[in-house]
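Heads up: the structure comes next, in structure tokens.
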Amino acid sequence: MKDKKTIGNVGHSKGKTSSPAIGESHRGTGDELHQIAGREHPQLTTNQGIAVPDNQNSLRANTRGPTLLEDFILREKIMHFDHERIPERIVHARGTGVHGFFELTDSLQQYTTAKLLTETGEKTPVFVRFSTVAGGAGSVDTPRDVRGFAVKFYTKEGNWDLVSNNIPVFFIQDAIKFPDLIHAVKMEPDRGFPQSATAHDTFWDFISLTPESMHMVMWIMSDRTIPRSLRMIEGFGVHSFRLVNQAGESTFVKFHWRPKLGLQSTVWDEAIKIAGADPDFHRRDMFEAIEAGNFPEWEFGVQLFTQEEADKFPFDHLDATKLIPEELVPLRVIGRLVLDRWPNNFFAETEQVAFCPANIVPGIDFSNDPLLQGRLFSYLDTQLSRLGSPNFHQIPINAPKCPFANNQRDGHMQMMQPAGRVAYEPNTLSGTSPRETPASGFRSARVSEAGDKGRIRAESFADHYSQARQFYLSQSAPEQTHIASALVFELSKVDHRHVREAMIGHLRHIEEDLAKRVAAGLALEPLPEAPAAAAPVQKLQPSPALQIIGKMKDTLMGRAIGILIADGSDGAAIEKIVKAAKDAGATVKIVAPKVGGAKLADGSMLAADGQLAGTPSVLFDAVAVILSEQGAKELTRESAAADFVHNAFGHLKAIAVDSGGRELLKTATVGQDAGIVDANDTKAFIAAAKTRQWEREPLVRIVP
Ligand code: HDD
């Protein structure tokens, strides 16, 4: 039978003789953990402040006897643990949060009284949470999905939440349809799958019956929904809002975020493989960038327009399935967003942060967009169910950083202790209780409303295809191909033929050629009829600003290069590539068959950042393969090595090779093209690494 004191604390030195430091209690077996050289640990207590003597053993009647109900230390610890989870968000459950600041560079004084938009140079603290929409909190980072881009500005005049997405339009025009949309996209309720995927029957069944979603469908089938990094996505406030000036006059506004690193996406096959290689790909990327001091940055832009201008648009700007092309209303950049601090605690901040589009400051106001109007109710309601108390605004991540005071009282988890006998307004009994402030308080824009009440939708919301067509025709050829391929992939996962047919019918309104390509990819004949359109399809001018490839930056900043090495590799060749890549702004990782590294040709050891089997090329933007003849021979027995180069090629990446690397390419049956460069020619490699080899695509994939 073992003595109690020898159980627990495995791996720590035994036989400690020194007495506890002043102010500490005796900790029984905990003493050993406590003795790690020279550290000063605070004393472990219960939530009531009672010092815990032993955190390894519960209270037992005797050495091998039953555990006693009186063990309040055990019961408190387990009770708290049992309640550690709160309901995850019904949508956008998977998220990554970061602190930062917003700095105004161009004042909108003429349009608004909001100080954060008028005081240039002023830095407003922000918390930003990026998210996917459909998956649960533990789902992977890289499904094909919209990305949430929610920004909480802690302004001097209260909190403003701009709860955006990385796509400027939405699936539906009216909030009453939101629960149906989300039920259709989420796991099918009888089987509980698929997780985080639109590629299933219920989603496409709903979409095929919802023509207003066709514009958004073009966006979600584009590579916008498979971003390379959260640092490389745009953000859009989607709805029109109003700015209100001192005179009470209002101007419409759309809000935009534009990444300094430019836009970049993955290719679909790569995104699928990243999900296995690193389910936390985006969260890790953001964490590592912040840790390295590479603070991601976005420009903040506005599109400003009047009611008179809006009246001339060939669409209704209150319809959230429409965007305003930048060619029609140019973007005015007025500030920047910098993210520079990782949260101290994921749960306390990223999980508990509560966004709400109704959180708005004086000088900004809502428009009548029916989707926005519904959102104004939904978020406050959802926070009550997630956070469990109307006092969720007191949680530090949600609390305004400016003073706030009112006569709301009590409720679950009340943290405040307001003094005095007065909790109402107006009153004569208190000289210090909060009072309304008509002059500086929030004022709605002066707008008059008239008309008949009813469950009605404006005629001006009837055109569902024109902007979908405009988006598709604005894309470069590879991007159009990706949209067609994505539709083939998704609809191939739909069992019901009539749903596939209905979707092809809609595509015929968008662009006949796209419908034909997708139908061919599905082997669907004859081409189904297009449904009746509620409004004629307009021939709108293409808008190049809607592309991704057109918005990629000619840089390696924010990107990663992987170098595959093995025993016998040439150190000088490796060093040359490392230097060129770092000089161009990339991060570099060494990949080797063993994580301890490889013994180079000169006998020195080079440590690896990743082991080959766990560090495939999908994690990099471009790769180099530096191998000795012997190293190449050995790696021919390792399928992960062949996959490394084969996938890099298939994902249209640049590959730098020396003679050993070339041998590996041969074994992996990787062809030769302009993206395969000699490792000595670092200039050519860096140039090729800054983009993807789009012309290679038809050679590696059968595209519809
Ligand atoms: Fe929403 C969360 C963005 C329409 C109801 N939404 C949520 C988040 C983002 C968006 C980024 C995550 C916030 C976070 O990180 O915590 N939602 C949008 C955009 C929409 C949109 C850009 C359309 C333009 N949403 C929308 C509608 C409804 C909701 C129409 C309901 C009528 N959204 C919610 C919600 C969530 C949410 C259920 C879930 C968790 C939360 O609010 O805090 O209330």
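Counting starts at 1 for both ligands and their atoms, following the listed order. Position 1 is the first residue of the sequence, and the numbers go up from there.
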Taken in chain and number order and not counting sequence neighbours, the residues that satisfy side-chain contact (heavy atoms from CB on, under 4.5 Å) with S466 are D463, V537, Q538, L540
For atom 11 (C) of ligand 1, grab the closest protein heavy atom and report residue, atom and distance to one decimal in Å.
S164 O, 3.2 Å
Test side chain to side chain donor-acceptor pair (under 3.5 Å) applied to E349 and H99, step by step:
CA-CA 10 Å; E349 299 169 270; H99 292 273; 2.6 Å; yes
Per atom 24 (C) of ligand 1, closest listed option by heavy atom (R94, M216, H239):
H239
Starting from atom 13 (C) of ligand 1, what is the nearest protein heavy atom, named by residue and atom, and what distance separates them?
F355 CD1, 3.8 Å
Identify, for atom 41 (C) of ligand 1, the protein heavy atom at the shortest distance, and state residue, atom and that distance.
T382 CG2, 3.5 Å
When you check the space around atom 1 (Fe) of ligand 1, which protein N, O or S atoms turn up under 2.8 Å?
Y379 OH
For D340, which residues count as a salt bridge (charged side-chain N to carboxylate O under 4.0 Å, His left out) partner, sequence neighbours excluded?
none
Name the closest protein heavy atom to atom 22 (C) of ligand 1, giving the residue it belongs to and the distance to 0.1 Å.
N165 ND2, 3.1 Å
Give a yes or no on this: more than 12 heavy atoms of other residues, nucleotides or ligands lie within 6.0 Å of atom CE of M187.
no
What residues, two or more places apart in sequence or in another chain, satisfy side-chain contact (heavy atoms from CB on, under 4.5 Å) together with Q394?
N391, Q414, M415, M416
Ligand 1 N/O within reach of S131 N/O, cut-off under 3.5 Å
no
Minimum-distance protein heavy atom relative to atom 16 (O) of ligand 1
R89 NE, 2.8 Å
Just to verify, which of D280, D145, T132 counts as forming a side-chain hydrogen bond (donor to acceptor under 3.5 Å, both in side chains) with R94?
D280
Taking atom types as modelled, find out whether W342 and E291 have a side-chain donor-acceptor pair closer than 3.5 angstrom.
no
Does R332 pair with D106 as a salt bridge, N-O distance under 4.0 Å?
yes
Would you say ligand 1 has an N or O under 3.5 Å from any N or O of Q383?
yes
Checking a contact table here: which protein heavy atom is nearest atom 38 (C) of ligand 1, and how many Å away?
I90 CG2, 3.4 Å
Got the closest protein heavy atom to atom 14 (C) of ligand 1, with its distance?
R129 NH1, 3.2 Å
Grab the two heavy atoms, one from V91 and one from F178, that are nearest each other, plus how far apart they are.
CG2-CZ, 4.1 Å
Between the side chains of R258 and E234, is the shortest nitrogen-to-carboxylate-oxygen separation below 4.0 Å, so that they form an ion pair?
no
